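One structure below.
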Amino acid sequence: MAAIAVRPLTLKKMEALGFSLMIVVAVLMAAAVWGGSHRFQEDVVLNSGEYYLYTLNGHQWSTVYFSIKSTGPVTICITDGTGVEMLKSGEGPLCFFKAEGLTSIEKIWRFPEKGPLYLVLVPAPGTRQARVSITVKSGLVLW
């Protein structure tokens, strides 16, 4: 039988190549995670009949985390451009995600399609005024 012998110098070259490839992959992954990530925080006051609209950009592989705390009940909706047009015309929007009458929510949500999508906040009927604190983080979530 023939035996294959690897000289120490060749083994060291293979180790150096493997290490270099690991560094390149780590740098590219870090750029993808931090370059595609976004964080937003704002406090708004919503009066009866008003709504708040925030644009979410993403792809099918990205996620959005949002945390909303309010002094009064609000409806939270994630919709597309068609839903926004329906909202502007006075109809209720069609939502990919909808939660009604909440004062607090924390949610991680995956994009069903390429963005832009819109996070819409509407005060519940009968609410005169709601102070809302919004935190949005988007990008890749690795867990």
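These numbers were taken from a predicted model, which means no experiment stands behind them.
Here the straight-line distance linking atom NZ of Lys69 with atom OG of Ser133 works out to 7.5 Å at 0.5 Å rounding. Annotation: the span from Leu102 atom CG to Thr75 atom OG1 amounts to 8.0 Å, rounded to 0.5 Å. In this structure, Leu53 CG and Lys88 NZ are separated by 6.5 Å, a value rounded to the nearest 0.5 Å. Here CG of Leu121 is found 9.0 Å from CZ of Phe66. Values are rounded to the nearest 0.5 Å. For the atom pair Ser67 OG and Ile108 CD1, the distance stands at 11.0 Å (nearest 0.5 Å).
With hydrogens and angles ignored, the 3.5 Å screen pairs a side-chain donor or acceptor of Thr79 with a backbone N or O of Leu94. At least one donor-acceptor pair under 3.5 Å links the side chain of Thr71 to the backbone N or O of Arg131. Side chain of Glu85 to main chain of Thr82: no donor-acceptor pair is present (N/O by atom type, distance under 3.5 Å, no hydrogens or angles).
The closest side-chain heavy-atom distance from Arg128 to Ser48 is not below 4.5 Å. Between Gln129 and Val45 the shortest side-chain heavy-atom distance falls below 4.5 Å. Counting heavy atoms from C-beta on, the side chains of Ile78 and Trp109 come closer than 4.5 Å.
If you chain together hydrophobic residues whose side chains sit under 4.5 Å apart, Phe96 and Tyr54 fall into the same group. Linking Ile, Leu, Val, Met, Phe, Trp and Tyr whenever their side-chain heavy atoms come within less than 4.5 Å puts Phe111 and Val136 in one cluster. Note on Ile105: it clusters hydrophobically with Leu117, by side-chain heavy-atom contacts below 4.5 Å among ILVMFWY residues. Follow the hydrophobic side-chain contacts under 4.5 Å out from Ile134 and you reach Leu46 in the same cluster. Under a hydrophobic-cluster definition in which Ile, Leu, Val, Met, Phe, Trp and Tyr are linked whenever side-chain heavy atoms come within less than 4.5 Å, directly or via other members, Val122 and Leu56 are assigned to different clusters.
Checked options Ile76, Thr127, Val132; the residue passing with Ser70 is Val132 (criterion: side chain to side chain contact (heavy atoms under 4.5 Å, CB included)).
Between the side chains of Glu42 and Tyr52, a donor-acceptor pair is found at a separation under 3.5 Å.
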